[in-house]
Amino acid sequence: WREKMQIHTLRTIREAGAIKRYHTARTIACETVAEHSFNVVNLILVLTEGQASRELILAALTHDRGELAVGDIPSPIKRAMPEEVHSEIERREQQAVLAMHPQVFMELSAEEEHILSLADKLDGLLKCTEELKMGNRHIITIGERYCGYVQSLTEHNPLFRHEAEQIIHAFRAEYLK
């Protein structure tokens, strides 16, 4: 039974990683949750100079796996939802992650939550920059939205402002070419 359960769990994890991101936008290159999670982990390692906690790395690896249960809901829609609906979606995402990884329960500090959120948004902005480099001008609106998220995350926390400003500059320089 345990072996069968592990195989089922591994298949579910692989399915979660294969979910396509940006399904509501025109993109030239497809990106999956697995690719995004890998990028977020590496951004966190850069931002923390390799000093990220085990919990933060695990949270970064699993932060979007719950999308298998609810789908990839675009951020503007999440923000427009009533709070109780948004809370229910987050609860279901968390349940899905725990179903895949029952032994992994992460409690992040407020600073770690902030770093995870920033790395998540920075990766989105880097994706938009890559899309622009390939000629996709449809991505500018999404990229500017990410710029706003990143600026609000670094506005009162100067720790990573320099890195964030460099990535925002690279994005804007690309579409002003």
Working to the nearest 0.5 angstrom, can you tell me the gap between Leu56 CG and Thr48 OG1? 7.0 Å

Heavy-atom nearest pair, Leu118 first then Phe160, reads CD2-CB, 3.6 Å

For residues Lys121 and Tyr146, report the shortest heavy-atom separation together with the two atoms involved. O-CD2, 3.6 Å

Close side-chain approach of Glu31 to Asn39, heavy-atom, < 4.5 Å: yes

Would you name the heavy atoms of Tyr22 and Lys127 that are closest together and state the gap between them? CE1-CG, 3.5 Å

Using a 4.5 Å cut-off on heavy atoms from C-beta on, say whether the side chain of Ser37 contacts that of Thr62. no

Scanning both residues in full, the closest heavy-atom pair of Leu125 with Phe171 reads CD1-CG, 3.5 Å

Nearest 0.5 Å, what's the CD1-SG distance between Ile139 and Cys128? 4.5 Å

Would you compute the distance between atom CD of Glu130 and atom CD1 of Ile28 and round it to the nearest 0.5 angstrom? 11.0 Å

Can you tell me which residue pairs pass the ring pair (Phe, Tyr, Trp, His ring centres under 6.0 Å) test with a partner in residues 26-62, sequence neighbours excluded? His36-His63

Do side-chain atoms of Arg137 reach the backbone of Tyr175 as a donor and acceptor pair under 3.5 angstrom? yes

Between CZ on residue Arg21 and CD on residue Glu35, distance to nearest 0.5 Å: 10.0 Å

Give the cluster check for Leu176 versus Val150: same hydrophobic cluster or not, with ILVMFWY residues linked at side-chain heavy-atom distances below 4.5 Å. yes

Is the side chain of His138 donor-acceptor paired with the backbone N or O of Ala25 at a distance under 3.5 Å, no angle test? no

Mind checking whether Val40 and Val46 sit in one hydrophobic cluster, side chains of I, L, V, M, F, W, Y counted as touching below 4.5 Å? no

Looking at every heavy atom in both Glu111 and Leu159, which two are closest together, and how far apart are they? OE2-CD2, 4.1 Å

Quick one: pull up CG in Leu43 and CG in Asp123 and give me the separation to the nearest 0.5 Å. 6.0 Å

Between Ile44 and Ile115, the two heavy atoms sitting closest are CG1-CG2, 4.0 Å

From CA spacing to verdict: side chain to side chain contact (heavy atoms under 4.5 Å, CB included), Glu55, Glu107: CA-CA 7 Å; Glu55 290 75 19; Glu107 274 213 35; over 6 Å; no

Any chance you could lay out the side chain to side chain contact (heavy atoms under 4.5 Å, CB included) test for Glu144 and Arg172, step after step, and finish with the verdict? CA-CA 8 Å; Glu144 279 300 326; Arg172 290 183 171 151; 2.8 Å; yes

Rounded distance [0.5 Å steps], CD in Glu113 versus CG in Leu108: 5.0 Å

If we check side chain to side chain contact (heavy atoms under 4.5 Å, CB included) with Pro158, which of these qualifies: Arg161, His162, Glu155? Arg161

